[in-house]
A.B. asks: 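Before I ask anything, let me first share the structure, which is written out below as structure tokens.
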There are 2 protein chains.
Amino acid sequence: MVGMRDVARKAGVSVSTVSLVVNGTGYVSAAMRAKVEAAMHALNYVPNELARNLYHDRTNVVGVIVPTIRHPFFATLTAGLQGRLFDAGFRTIVCSTADMGGGEEQYVDMLRRHMMDGLIMGGHTAHPTNYWTSIQRPVVAFDRYLGASIPSIGSDHEQGGELAATMFALSGVRHVVEIGGPRSQYNDLLTAQMAAAQADVASDAAAEGESAPVPASASEAVSLSGRSVQDVIGDHSTFPPIRYHLAFEQTLDMAGIRWDYLEVPEVSDFAGYEAAARRAFDRFPEADAIVAPDMAAAFCVQEALRRGVRVPDQMQIMAYDGTYVTDLAGMRITSILQDFEALADAAARRMIDAIAGAEAQEMQEKHVTGGAGAGVGGGADAGSEGEGEVASGRGTRTGDGRDDAPVPAKPAGVVADMVPMQVKLGETTRMTDAVHQLLFGAEAAQTD
Amino acid sequence: MVGMRDVARKAGVSVSTVSLVVNGTGYVSAAMRAKVEAAMHALNYVPNELARNLYHDRTNVVGVIVPTIRHPFFATLTAGLQGRLFDAGFRTIVCSTADMGGGEEQYVDMLRRHMMDGLIMGGHTAHPTNYWTSIQRPVVAFDRYLGASIPSIGSDHEQGGELAATMFALSGVRHVVEIGGPRSQYNDLLTAQMAAAQADVASDAAAEGESAPVPASASEAVSLSGRSVQDVIGDHSTFPPIRYHLAFEQTLDMAGIRWDYLEVPEVSDFAGYEAAARRAFDRFPEADAIVAPDMAAAFCVQEALRRGVRVPDQMQIMAYDGTYVTDLAGMRITSILQDFEALADAAARRMIDAIAGAEAQEMQEKHVTGGAGAGVGGGADAGSEGEGEVASGRGTRTGDGRDDAPVPAKPAGVVADMVPMQVKLGETTRMTDAVHQLLFGAEAAQTD
DNA sequence: CTGTTAGCGCTTTCAC
DNA sequence: GTGAAAGCGCTAACAG
């Protein structure tokens, strides 16, 4: 392998000079530069980034963990992230856990061991929050809660659920079948979250002595029984998408519409979606509406066609997610659409800020004394946005560099970006005046 | 950052001892090991893989380049690769060029600059073959020809095309619309390939003086005009999938079946597929069959449903690829199926071998003198499979370590793995006796 | 068995 | 402007 030393020797200069021309840093006379460049070409020199990275302790690689890249939702999300991150100078390394037998930890280790600069976590995890918080390196959570110090991005599922339910209610639906993830899993997550919340906020009034106030039994479905989503879940759950179901059901309950929940085994099990679609028709022949994740919704359309059930007259179908599969499922499926652009954008943004912040912090740790002036200014500029709570009126305070106390180790609290969802109209739902008004307001009809 | 030195100091031992326990190499007394481990935990030590990798000049990361991860075909392929590679101890870093604005070179640079150990290239590239061959590091091509020294993996598209055409012919089709990639692009590729082939095999009889015998004009469609696929393309083309179209058309021509080609702009343009589907029905109302890439085929089904065209009675639809979208397109679409497992397997295998080979070669270069005995044996074992041509009767010869001549620098020639395609039966084609016989032979009907 | 030492290939003060 | 030298954090001889 030809290294800088070889180039230097061949060009009759020192390695540091070679380094200067390779990186375009500092001033090098034209003559020297020419000699060096000639030598580089002659020897076909390629700088070893591993060495460079070792020095800088930075790889410009960020990891993305998703359950499976095969699923259109995650494929789209990943593509978006990759685009945003690339623009910011990062390469992406994706780990789709279901496609390799697990091994999520291996990727987390890459982060820990400095083979990547940050990690966006959008996959399932059985690890407790302290596994994540203990990493002490830039992590961003997608659609899940990973710990108090870890920013979390996701759609506003509560709004999404309400939107779906409202549309059904306004179009006169009487019985909807809701297809979704394993309800029991939500239970576990809720349980875990409650325990975690207790541990986190341990400073509150002493608990009543019982080991942990877990919901009834793990096999019993989470439900509202009269309470609001907020009452059940609080400000954050370990798995935010559950808010969609709770809000959906709550809205339906209020409207006096019957609903039944049908479980699909797990995201990566495509056959499971088809089975669920079939079951929906088998088990609830009197139902007149279905809401389901894209893939399952597509199978529902297919099933309806096969059975001669007229859509949307006899049966309305609504997809939750709105990936491209809703466009090619035999009919364009009406969907509650996640804003992939915005999601990718927000997640990437957080990641980039977190990395910048971490870097700035390291810098500080090194030059223990001062250097706070210009150096930190640049980093802080990016970092400040990342750490700020949405809370009002902190205004100018963040900006100025006067922090004589050692920098606070962790950012404030849960920083969650909620991205709103929209409706993408298709041919699988009925358009009533009420629905039209919901979507477009009272204004003149605005045909797409 | 806490490093080995800190651990060593805290444990009162030397760094090398720490290294030994971290890596489980060599013998360390229980007492020492305990002290070291205690120190590691106390300091929360995490080894820096960057440093380790620098030393070993190996990252255990392989890159995968595809046009877009959003497309089910590439998503599935990528997932498969990731699985196989992970099992072999590699992490995957995927680059989907269309999802970030190009930037394929950046990833190739990661390979060149030792940030990855190998690269599987499955994306479009405008670069000439010598760009690829000059990399001099492990590269494997998927569905494309990148140069004489670069192994290439892909489905047997010629067989696939013939299969599709035969099925149509046997079911009595009279006019098929063929939807596929930009034909002009194939032309360019062919042209480039021919030029390259000339350069490669320059030792042949001197060319007739003309600059280069390029096909008529770049805008004119490649076609057979009586010649066989072999005549037109030869042993390898820059873009093997074109063989599918040529074989398809040739077979149809022989059967006297009319065909028309409809272009779709590019893989990553999903809307383009829908437009093409619509055009197929608009422009060729008398056609009674369509063959198209999965996504386009799905839109064709949708279009047929919308127009009230009965499938498969009035119109047969066949998909080329057979990803999961053919299962949820309103009807199960009959498809010519790529064997994703086998493809991923073959590509990963080649990659792993190539990396092992490269490593073995490096080893040799270092210990210039000997060391050929056991050391190389291990590497060669893996390497031999990778480099061997399919040629018969080399048998035992490969095994024994007696190679006194300096190892041949590059593997023999184009090493291409051809993976056969199959038919996945759906509801969009007609099953005639003849077709049945084609698929299942003369034996007793074997209902699925 | 354990410690000392010399790098892996590049970057970056700091003198000349 | 350019070179010499001291690492980045870890590994692997080679002595003890």
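Naming convention: chains lettered A, B, ... in sequence-line order (proteins, then strands); numbering from 1 in each chain.
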A.B. asks: Find the distance A/L54:CG to D/dC8:P and express it as a whole number of Å.
C.D. replies: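 Taking CG of A/L54 and P of D/dC8, I get 9 Å after rounding.
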A.B. asks: Would you mind telling me which residue lines up with the more 5' stretch of DNA chain D, A/G12 or B/N23, judged by nearest nucleotide?
C.D. replies: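 Final value for this comparison: A/G12.
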A.B. asks: Can you tell me the distance, in whole Å, between the CZ atom of A/R33 and the C1' atom of D/dT2?
C.D. replies: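 The answer, rounded to whole Å, is 13 Å.
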A.B. asks: Rounded to the nearest Å, what distance is computed from the CG atom of residue A/D57 to the P atom of nucleotide D/dC10?
C.D. replies: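 After rounding, the reported distance stands at 10 Å.
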A.B. asks: Please give, in whole Å, the distance from D/dC8 P to B/R52 CZ?
C.D. replies: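 Going from CZ in B/R52 over to P in D/dC8 covers 18 Å.
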A.B. asks: To the closest 0.5 Å, what do you measure between CZ (B/R112) and CD (B/E105)?
C.D. replies: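 Taking CZ in B/R112 and CD in B/E105, the distance rounds to 9.5 Å.
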A.B. asks: Atom CG of B/L20 and atom P of D/dA13: how far apart are they, to the nearest Å?
C.D. replies: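 Going from B/L20 (CG) to D/dA13 (P), I get 12 Å.
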A.B. asks: Distance check needed: D/dG9 C1' versus A/R112 CZ, whole Å only.
C.D. replies: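 Interatomic distance, CZ of A/R112 to C1' of D/dG9: 18 Å.
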A.B. asks: Salt-bridge test for A/R350 and A/D353: reply yes if a basic N is under 4.0 Å from a carboxylate O, no otherwise.
C.D. replies: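 No salt bridge links A/R350 with A/D353.
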A.B. asks: As an exercise, state the distance from CD1 of A/I93 to CD of A/Q82, rounded to the nearest 0.5 Å.
C.D. replies: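 Here the rounded value is 11.0 Å.
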A.B. asks: Please confirm whether the backbone N or O of A/M116 pairs with a side-chain atom of A/R137, one donor and one acceptor, at under 3.5 Å?
C.D. replies: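 Checking the backbone N and O of A/M116 against the side chain of A/R137, a donor-acceptor pair under 3.5 Å is found.
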A.B. asks: Give me the first and last nucleotide of DNA chain C, going 5' to 3', that has any atom under 4.0 Å from a heavy atom of chain A.
C.D. replies: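 The protein-touched segment is C/dC8 to C/dT12.
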A.B. asks: Could you check how far CD of A/E49 sits from C1' of D/dC8, rounded to whole Å?
C.D. replies: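 A/E49 atom CD is separated from D/dC8 atom C1' by 15 Å.
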A.B. asks: Rounded to the nearest Å, what distance is computed from the CG atom of residue A/N53 to the C1' atom of nucleotide D/dG9?
C.D. replies: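 After rounding, the reported distance stands at 13 Å.
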A.B. asks: Which part of the nucleic acid, if any, lies within contact of B/V22, taking any heavy atom under 4.0 Å across all strands shown: a base, the sugar-phosphate backbone alone, or nothing?
C.D. replies: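 The residue B/V22 makes no contact with any strand.
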A.B. asks: Any idea which of D/dA5, D/dC10, D/dA12 is nearest the B/S16 side chain?
C.D. replies: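 Taking heavy atoms from C-beta onward, the closest nucleotide is D/dA12.
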A.B. asks: With nearest nucleotides of DNA chain C determined for B/S29 and A/H56 from heavy-atom distances, which residue corresponds to the more 5′ nucleotide?
C.D. replies: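 Going by which nucleotide is closer to the 5' end, it is B/S29.
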A.B. asks: Classify the angle between the aromatic ring planes of B/H127 and B/W132 as parallel (below 30°), tilted (30 to 60°) or perpendicular (above 60°).
C.D. replies: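 Geometry flag for B/W132 against B/H127: perpendicular rings.
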A.B. asks: Looking across every strand, which nucleic acid part, if any, lies under 4.0 Å from A/V13 by heavy atom: base, sugar-phosphate, or nothing?
C.D. replies: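 Sugar-phosphate contact only.
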A.B. asks: So what does A/H114 hit on the nucleic acid, given a heavy-atom distance under 4.0 Å: a base, only sugar-phosphate, or nothing?
C.D. replies: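 No contact.
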A.B. asks: Of the listed nucleotides (D/dG9, D/dA12, D/dT2), which one gets closest to any side-chain atom of A/T17?
C.D. replies: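 The answer is D/dT2, which lies nearest to the side chain.
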A.B. asks: Taking the six-membered ring of A/F90 as reference, does the NZ or CZ atom of A/R58 fall below 6.0 Å from its centre and within a 45° cone about the axis?
C.D. replies: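 The answer is no, since A/R58 fails at least one limit relative to A/F90.
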A.B. asks: Quick check for you: to the nearest 0.5 Å, what is the distance between B/Q106 atom CD and B/L111 atom CG?
C.D. replies: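 Rounded to the nearest 0.5 Å, the CD-CG separation comes out at 13.5 Å.
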